[in-house]
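Residue numbers count from 1 along this sequence. As the structure lists them, so they are numbered: ligands from 1, and atoms in each ligand from 1.
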Amino acid sequence: MEVFTAISQRCSIRAYKSTDVEEDKLKKVLEAGRLSPSASNRQDWKFIVVRNKETRKKLAKAAFGQSFIAEAPIVIVACETEPKAMLACGQAAHTVDVSIAFAYMILQAYELGLGTCWIGAFSEDEAKKILNVPNNIRVVGMTPLGYPNQPSSRKFRKSLNQIVCYEKYE
Ligand SMILES: Cc1cc2nc3c(=O)[nH]c(=O)nc-3n(C[C@H](O)[C@H](O)[C@H](O)COP(=O)(O)O)c2cc1C
């Protein structure tokens, strides 16, 4: 599959089959995160793979009741291990680095026929409690990982004209 095919056809999946995810597919998704770029190649991240059903249900509750999260056989939770690091441009490195890694993982999952849905609406405090994440570590996002139980949905996006300008900000 070409990268652009994955980019253009992937969509967020909010219904999952209970079918288990093969270990080699999970490994490939995790590898995509491992190989992704980070500022100064710091790789200050940790990905928690949750298969335990009760824990998945608790995570869905921490995500304000988004119950589809627990439908998938796996939930991956992305953490940043050096959250104080800043980029010279003033952005928090943890948000940028972990987001890139998660985006790579999500695209790799799509190529393998697996569904994902980036979850940003969750209580970080709750997620930390559930997963024993130390106070000084940030939880940036999570995604269910499993076989989709819904058709692909259409993408609604702004046009290039609306989001691109040339030479100067317009
Ligand atoms: C940072 C971020 C946080 C998101 N949080 C949620 C969420 O909590 N729940 C959810 O159902 N979708 C969430 N999404 C998915 C977006 O709603 C979705 O990506 C967007 O509507 C575009 O649709 P598509 O992914 O199908 O192309 C999130 C996406 C991003 C990038």
Side-chain angles (χ1 to χ4, degrees), residues 1-18 21 25 29-30 32-33 36-39 44-50 53 55-83 85-87 89-131 133 137-164:
M1 180 182 285
E2 290 191 4
V3 174
F4 190 73
T5 306
I7 289 170
S8 56
Q9 293 182 1
R10 177 219 58 84
C11 66
S12 293
I13 299 297
R14 297 184 178 88
Y16 291 88
K17 295 177 181 163
S18 56
V21 171
K25 290 194 175 182
V29 169
L30 296 170
S36 68
S38 59
D44 292 329
W45 44 45
K46 180 87 90 174
F47 301 100
I48 308 173
V49 177
V50 178
K53 195 171 184 180
T55 311
R56 286 187 278 125
K57 280 186 184 168
K58 285 181 191 166
L59 288 172
K61 206 168 159 215
F64 310 109
Q66 299 187 77
S67 54
F68 66 87
I69 295 169
E71 278 178 11
I74 294 175
V75 179
I76 301 178
V77 180
C79 304
E80 160 64 49
T81 56
E82 292 292 336
M86 296 296 287
L87 302 178
C89 64
Q91 299 291 331
H94 72 267
T95 320
V96 178
D97 288 344
V98 177
S99 296
I100 292 169
F102 229 29
Y104 277 38
M105 290 161 82
I106 278 171
L107 286 176
Q108 180 57 66
Y110 182 78
E111 195 212 11
L112 297 169
L114 295 168
T116 56
C117 183
W118 191 309
I119 303 294
F122 64 91
S123 156
E124 187 185 13
D125 285 348
E126 282 299 308
K128 281 180 162 184
K129 269 186 222 149
I130 295 162
L131 301 169
V133 176
I137 305 295
R138 296 298 304 267
V139 181
V140 178
M142 62 178 84
T143 180
L145 180 73
Y147 287 95
N149 199 16
Q150 67 171 70
S152 293
S153 53
R154 257 192 74 201
K155 278 195 190 307
F156 296 95
R157 295 292 194 266
K158 293 178 180 175
S159 68
L160 274 183
N161 283 345
Q162 290 173 289
I163 61 166
V164 179

Q: Please collect all side-chain hydrogen bond (donor to acceptor under 3.5 Å, both in side chains) contacts where either partner lies in residues 8-17, sequence neighbours excluded, each pair once.
A: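 Output for this query lists Gln9-Tyr110.
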Q) With no hydrogens and no angle check, is any side-chain donor or acceptor of Lys58 less than 3.5 Å from a backbone partner on Glu126? A)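 Judged by distance alone, no pair lies under 3.5 Å.
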Q.
Keeping Asp44 on the side-chain end and Pro83 on the backbone end, is there a donor-acceptor pair under 3.5 Å?
A.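 Between the backbone of Pro83 and the side chain of Asp44 there is no qualifying donor-acceptor contact (under 3.5 Å).
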Q: Scan Ile69, Leu59, Val139 and name whichever one has a side-chain contact (heavy atoms from CB on, under 4.5 Å) with Phe122.
A: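 That would be Val139; it is the only one of Ile69, Leu59, Val139 passing the side-chain contact (heavy atoms from CB on, under 4.5 Å) with Phe122.
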**Q.** For Val140, side-chain contact (heavy atoms from CB on, under 4.5 Å) partners two or more places apart
**A.**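 Per chain and number, Val140 pairs via side-chain contact (heavy atoms from CB on, under 4.5 Å) with Glu80, His94, Val98, Ser99.
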Q) If you look only at pairs with a residue in residues 101-112, which of them pass as a salt bridge (Lys or Arg N to Asp or Glu O under 4.0 Å), with sequence neighbours excluded? A)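 For residues 101-112, and leaving out neighbouring residues, there are no salt bridge (Lys or Arg N to Asp or Glu O under 4.0 Å) pairs at all.
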Q: Can you tell me which residues line ligand 1 if we count any heavy atom under 4.0 angstrom from one of its atoms, in chain and number order?
A: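 For ligand 1, the contacting residues are Arg10, Cys11, Ser12, Arg14, Gln66, Phe68, Cys117, Trp118, Ile119, Gly120, Ala121, Lys155, Arg157.
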